[in-house]
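A, B, ... follow the sequence lines: proteins, then strands. Residue 1 opens every chain.
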There are 2 protein chains.
Amino acid sequence: MEQSPGVWERPRRGRRGPAPEHDLDRIAAAALALADADGLAAVTMRAVAAALGTGPASLYRYVRTRDELVELMADAAYGEIDGEAAPAGDWLAGLLALARESRRMLLRHPWLLEVAETPRPLGPNAADYLDRALGVLESAETDTRTKFEAIGVLNALVVMLVRAETAGADRDAAGPAALARLAAEGRRPHLAAALADPAPAPPEGPGEAFDRVVSRVLTGLV
Amino acid sequence: MEQSPGVWERPRRGRRGPAPEHDLDRIAAAALALADADGLAAVTMRAVAAALGTGPASLYRYVRTRDELVELMADAAYGEIDGEAAPAGDWLAGLLALARESRRMLLRHPWLLEVAETPRPLGPNAADYLDRALGVLESAETDTRTKFEAIGVLNALVVMLVRAETAGADRDAAGPAALARLAAEGRRPHLAAALADPAPAPPEGPGEAFDRVVSRVLTGLV
DNA sequence: CTTTTACTGCGATCGATGTTCGCAGTATCT
DNA sequence: AGATACTGCGAACATCGATCGCAGTAAAAG
């Protein structure tokens, strides 16, 4: 049953011995700063320990593995979404506001896009986020199940859209140039046709596509 | 411009010297078999090399980094989606069929859920997949831009749904039990209310929720 | 107050991994 | 025939996550 207590269930302090010199929040903050500055790969146990003025082994008094440290970082990032700008009554506008805040948070911490979001036990901030999202959906007339599904879809959608947004700025990863090269091989006629669209859509600002896609998906789902 | 040729652009063979003893397809297949058997972490350069009967250094004649090897693996997995079961005329049914095939592929290669899908240049199989999806959408009356967006949303959605599906079977990660514990703290009233829903939805088979969510999202988006 | 117990901090270190170097061997070009 | 540009790969390097064990310390037990 209780197979192995995660970071959130474990007691923060032993019943004996000296008081811990560090705490999870400070450790997570140090790691988060490192990731913001130099990416997720810069978050090594040694680097985090050095930022805290200690050795790598000390961190293992607070965290069982590096993955747990990343869990802490992710939950700390989720904590930056406060979600006050949620208008009551209009659930779509509320969820869109929440999605926008998520987007801003992800743009601030792009390393979060790298961490594969395998469904782990929710941290406290992630749980608060879920609670707020459910609160926004209270005015919607749907299944509880559908509400959970909508929130899950929303999160995956936000990550995907921000990924596309940042990748476009970084390099021409899957940009039109690369696609054109793939279409030019003769095979893939539909791709070629799509790229030769005589009526291309007008250009958009960065946030416009985000709002449009999120709104359409949510209205269809709920 | 041509900053650094990826695996797909690079020539498969030098103009001089002996013929390569291995090739990308065999290397990818060996790595894929390892990942299927023991997870993505088991795909080390040494293990893949050993499976091919050689040393780790040899692989670097074919692949610049381990990440490139994973790219190869991912594209090989995409190649398993042939997409013949796509009825013409009905784009929704066609995309749903494609999504179902993607789901089956992901269930066969769960390690693909761990690789963070940062938008890289598409491999040949991924490009074929994109072409087929565009072909299915030909009968839909929408923007070309919307079609691309729908395909992107569809992919992210499939990954998310399969993640939820497999995590549920593995452990109770974010299962009802963990949620109930979080709701019991007194804060998070909406979460508590949602869990105490007097009219819970009837249980579903594994593929039913998938079909339902995918269909609703797509109808809303396109 | 003394002894016991259970904790904390952390230097030293282990095993494993991704990657590079350099050299011997080989097929193609001049 | 010689030069050239490749391939194969053993050996090694840097770095990482994680562990071990011991000294120090605070709380519980007697």
Check your understanding: Can you name the salt bridge (Lys or Arg N to Asp or Glu O under 4.0 Å) partners of A:Asp131, sequence neighbours left out?
Key ->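 Counting only residues at least two positions away or on another chain, A:Asp131 forms no salt bridge (Lys or Arg N to Asp or Glu O under 4.0 Å).
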**Study point:** Which residues share a salt bridge (Lys or Arg N to Asp or Glu O under 4.0 Å) with B:Arg108, sequence neighbours left out
**Key:**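 Result, salt bridge (Lys or Arg N to Asp or Glu O under 4.0 Å) vs B:Arg108: B:Glu80.
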Check your understanding: With A:Asn155, which residues qualify under side chain to side chain donor-acceptor pair (under 3.5 Å), at least two apart?
Key ->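 For A:Asn155, the residues satisfying side chain to side chain donor-acceptor pair (under 3.5 Å) (neighbours in sequence not counted) are A:Tyr129.
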Check your understanding: With a non-hydrogen cut-off below 4.0 angstrom, is A:Val48 in contact with a base, only sugar-phosphate, or nothing?
Key ->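 The answer is nothing, as A:Val48 stays clear of every strand by at least 4.0 Å.
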Check your understanding: Between atom CZ in B:Arg66 and atom P in C:dT19, what is the gap in whole Å?
Key ->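 After rounding, the gap between these two atoms is 8 Å.
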Review point. Can you tell me how far C1' of D:dC16 sits from CG of A:Leu69, to the nearest Å?
Key: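 Computing the A:Leu69:CG to D:dC16:C1' distance gives 14 Å.
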Could you pull out every donor-acceptor pair under 3.5 Å between side chains of residues 44-61 of chain A and any protein atom, sequence neighbours left out?
unit_1  : atom_1 : unit_2  : atom_2 : d
A:Thr44 : OG1    : A:Ala47 : N      : 3.0
A:Thr54 : OG1    : A:Ser58 : OG     : 2.9

Study note, to complete from the structure: Heavy-atom contacts, protein to nucleotides 5-15 of chain D, under 4.0 Å, summarised as B (base), S (sugar-phosphate only) or - (none) per nt, yield BBBBBB-----
Check your understanding: Can you list every pair that meets salt bridge (Lys or Arg N to Asp or Glu O under 4.0 Å) and has a residue in residues 12-24 of chain B, with sequence neighbours left out?
Key ->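 Listed once each, the pairs are B:Asp23-B:Arg26.
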